[in-house]
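The next block holds one structure in the form of structure tokens; read it before the comments.
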Amino acid sequence: MAVLAALVMASAASAQTTVSSQTTLKVVMLSDLKILDPIWTTAYIVRDHGYMIYDTLFALDAKLQVQPQMVDSWKVSDDKLTYTFVLRDGLKFHDGAPVTAEDCVASLKRWGARDAMGQKLMQFTKEMTAVDARTFTLVLKEPFGMVLEALGKPSSSVPFIMPKRIAETPPDTQITEFVGSGPFVFKKDLWRPGEKVVYEKFADYKPRPEPASGLAGGKRALVDRVEWVVLPDSQTAVNALIAGEIDMMQTPPFDMLPLLEGSKGVKVIDLNPYGTHYAFRFNTLHKPFDDPRIRQAALYALSQKDSLQAAVGNPKYEKVCKDLFGCGTPLSTTKGWEDKLNGDFAKSKELLAAAGYDGTPVVLLYPTDLAAGVTAPVAKADLERGGFKVDMQPMDWQTLLSRRSRKEAPSAGGWSAFVTTLATPDILDPVVSFFTGAACDKASIGWPCDTQIEKLRDDFARTIDPAKRKELAEALQVRLAEFPTYAPLGQYNMPVAMRDNVSGNLEAPATVFWNVKKGP
């Protein structure tokens, strides 16, 4: 009996050692996670969740160049109409099933039904077919110059690969199974909305051999577990980071950065040097923003300087940027927007009078638990000074995500506008930028409808000539000044705060956790 007792105690001690040796990274993300389908919504928190558990066929590296990810090899026919893709060997889903070409085809079809860039690719696609377990073809109706760019789209919505049975869920219905083939496994049984989200390292993940770069390369999970801890109060989260109770904070408030930068054991790093943009999204289905003239008036009333001062308040991190494709990017232009977004209230009132604005209130959704939410009260004040009536309705971000999908009139539970953010890689060109799409019912939330915009986007997709692309992007930006789909409210860089024993974080358009180490 004594020997048995000793063996039991030794076994328990061994088990305790194993548990304590596991590395857990605790992170406060930009918001709570309540929606889990990264194809159903464009929310960045859901995109980041997607990168934890799913993988992609292609991905962008740190230089924004498309690289193969799940794909081992590919070829294009001489007529540029047939693409043949071969998957890497050994890819496996979290349930143990191998990743097949049929899974990829089904996943791309579901993504292509909802995403603006995916819709454009599907518009040019004749068929996608699984040839064998690891090979599928994509056949075009006519040449499309952005096939690989579409399959490697880095941000909302990302063409994540799911098992066929899950990917066959109708595009307008949220999935209920969350099985991917990525470096981490989502522990649904441990998920506590409002408290925490838990991911564990996927032991059978097969990373690419090359080093990680941006969203591409070898995705090596170097911690055993990642917990997204929900701490809605920013001061509480900052205190927890300084005390070492959490390891990382994705979006620390700008006004608390000096405190964090001066705290022992904490470092502040910018992992997204391409920047992010505040945005004011219109709902074009209902009054008052169903009239493009009234949306133009809003462009004059809104002020980037006002929004940036309220949301950032630090010249080190903010930049006025009247450019729908990102300042400093290859397609950068301000044409058509030079006189807008300056808080020209007289011009706004003039345009409202000419359009016959009848005082219908703008129902503005205000996300109180999101850093970008501070731009909502500023937008309200600017619009009111420009002659609008505004009904600003506060709510948490997850409630806003559900509310913004509704097409009912604002008076019946719908909405007129909301504020959000757009990462620069999400707006690099007319096809990838989902807020510039105007494909009516197929467009992103807000549902703008304009044949001229769609023709310019189609023409852009057809050409690979840089000069022609620049010309088309400029023409589209001018058209978007005439038929606004959203208003950019300024560009900013948002650094991440973390303990100094955390390392390996990658510069990328999304916050990812492969390659991240946690020391003692």
Side-chain angles (χ1 to χ4, degrees), residues 25-32 44-45 48 227-279 303-321 326-328 366-379 381 396-397 419-424 488-513 516-520:
L25 190 75
K26 294 187 177 183
V27 186
V28 171
M29 298 294 283
L30 63 94
S31 77
D32 190 12
Y44 286 156
I45 186 66
D48 291 352
E227 293 184 4
W228 289 0
V229 182
V230 180
L231 294 176
D233 179 69
S234 296
Q235 184 65 64
T236 301
V238 167
N239 291 342
L241 181 62
I242 293 173
E245 296 167 358
I246 61 171
D247 302 299
M248 182 173 163
M249 189 174 180
Q250 187 186 29
T251 56
F254 284 103
D255 61 354
M256 295 186 185
L257 288 178
L259 170 63
L260 289 167
E261 290 168 340
S263 297
K264 184 178 180 180
V266 175
K267 58 184 177 181
V268 176
I269 304 174
D270 185 3
L271 297 175
N272 182 15
Y274 296 100
T276 304
H277 304 254
Y278 296 114
S303 166
Q304 284 201 353
K305 288 183 178 180
D306 289 349
S307 294
L308 289 170
Q309 180 60 39
V312 182
N314 187 333
K316 178 180 177 181
Y317 297 111
E318 67 185 46
K319 182 177 185 178
V320 169
C321 179
C327 288
Y366 169 24
T368 56
D369 62 338
L370 200 67
V374 298
T375 60
V378 178
D396 64 66
W397 180 238
V419 294
T420 187
T421 57
L422 298 171
T424 297
L489 296 180
Q491 182 173 319
Y492 68 97
N493 285 68
M494 179 75 256
V496 174
M498 66 188 75
R499 299 294 300 177
D500 59 12
N501 65 335
V502 177
S503 63
N505 302 78
L506 296 164
E507 289 189 355
T511 301
V512 295
F513 294 94
V516 177
K517 299 178 183 178
K518 179 182 174 181

Checklist line | Geometric class of the Y278/Y492 ring pair [parallel <30°, tilted 30-60°, perpendicular >60°] | finding: parallel
Next item on the list: Can you see which heavy atom on F254 is nearest to which on A311, and at what distance?
Entry: CD1-O, 3.2 Å
Notebook entry, point to check: CG of L308 to CG of N314: how many Å apart, nearest 0.5 Å?
Noted result: 11.5 Å
Notebook entry, point to check: Per the side chain to side chain contact (heavy atoms under 4.5 Å, CB included) rule, which among V266, L231, L259, V28 passes with V238?
Noted result: L259
Check: Which is it for T511 and M248 under the side-chain contact (heavy atoms from CB on, under 4.5 Å) test, yes or no, and what are the steps along the way?
Finding: CA-CA 11 Å; T511 301; M248 182 173 163; 3.9 Å; yes
Note to self: Using side-chain heavy atoms (C-beta onward) and a distance below 4.5 Å, is T420 in contact with W397?
What the structure shows: yes
Checklist line | Criterion side-chain contact (heavy atoms from CB on, under 4.5 Å) on K305 and V320, from CA distance to verdict | finding: CA-CA 7 Å; K305 288 183 178 180; V320 169; 3.9 Å; yes
Note to self: Measuring from atom CE of M256 to atom OG of S263, what distance do you get when rounded to the nearest 0.5 angstrom?
What the structure shows: 11.5 Å
Check: Could you walk me through whether Q250 and Y44 pass the side-chain contact (heavy atoms from CB on, under 4.5 Å) check?
Finding: CA-CA 12 Å; Q250 187 186 29; Y44 286 156; over 6 Å; no
Margin query: As an exercise, state the distance from OH of Y366 to CG of D396, rounded to the nearest 0.5 Å.
Written below: 12.5 Å
Check: Which heavy atom of P252 sits nearest a heavy atom of V496, and at what distance?
Finding: CD-CA, 4.4 Å
Item checked: Residue pair Q491 / Q304, side-chain heavy-atom distance below 4.5 Å -> no
Next item on the list: Kindly compute the distance separating CG (D270) from CG (N493), expressed to the nearest 0.5 Å.
Entry: 4.5 Å
Checklist line | Smallest separation among heavy atoms of A423 and N272, with atom names | finding: CB-ND2, 4.4 Å
Item checked: Distance-only polar pair, side chains of Q235 and N239, donor-acceptor under 3.5 Å -> yes
Next item on the list: Over all heavy atoms of both residues, which pair between S307 and V378 is shortest? Give the atoms and the distance, please.
Entry: N-CG1, 3.8 Å
Note to self: Quick one, L257 and V268 - any side-chain contact, counting heavy atoms below 4.5 Å?
What the structure shows: yes
Notebook entry, point to check: How about D247 and M498: do any of their side-chain heavy atoms sit closer than 4.5 Å?
Noted result: no
Checklist line | T276 OG1 to L422 CG distance, which is reported to the nearest 0.5 Å | finding: 9.0 Å
Next item on the list: State whether the number of non-hydrogen atoms from other residues, nucleotides or ligands found under 6.0 Å of K26 atom NZ is greater than 12.
Entry: no
Item checked: Check: P232 and D32 side chains under 4.5 Å, non-hydrogen atoms -> no
Margin query: Run I242 and L260 through side-chain contact (heavy atoms from CB on, under 4.5 Å) and show every step you take.
Written below: CA-CA 7 Å; I242 293 173; L260 289 167; 4.1 Å; yes
Check: Do you know the tightest heavy-atom contact between K319 and C327?
Finding: NZ-CB, 3.9 Å
Item checked: Over all atoms of both residues, closest heavy-atom pair of G373 and V419 -> CA-CG2, 4.2 Å
Note to self: Just verifying a value: how many Å separate S303 OG and Q309 CD, rounded to the nearest 0.5 Å?
What the structure shows: 10.0 Å
Checklist line | R499 and its side chain to side chain contact (heavy atoms under 4.5 Å, CB included) partner, picked from L241, L25, I246 | finding: L241
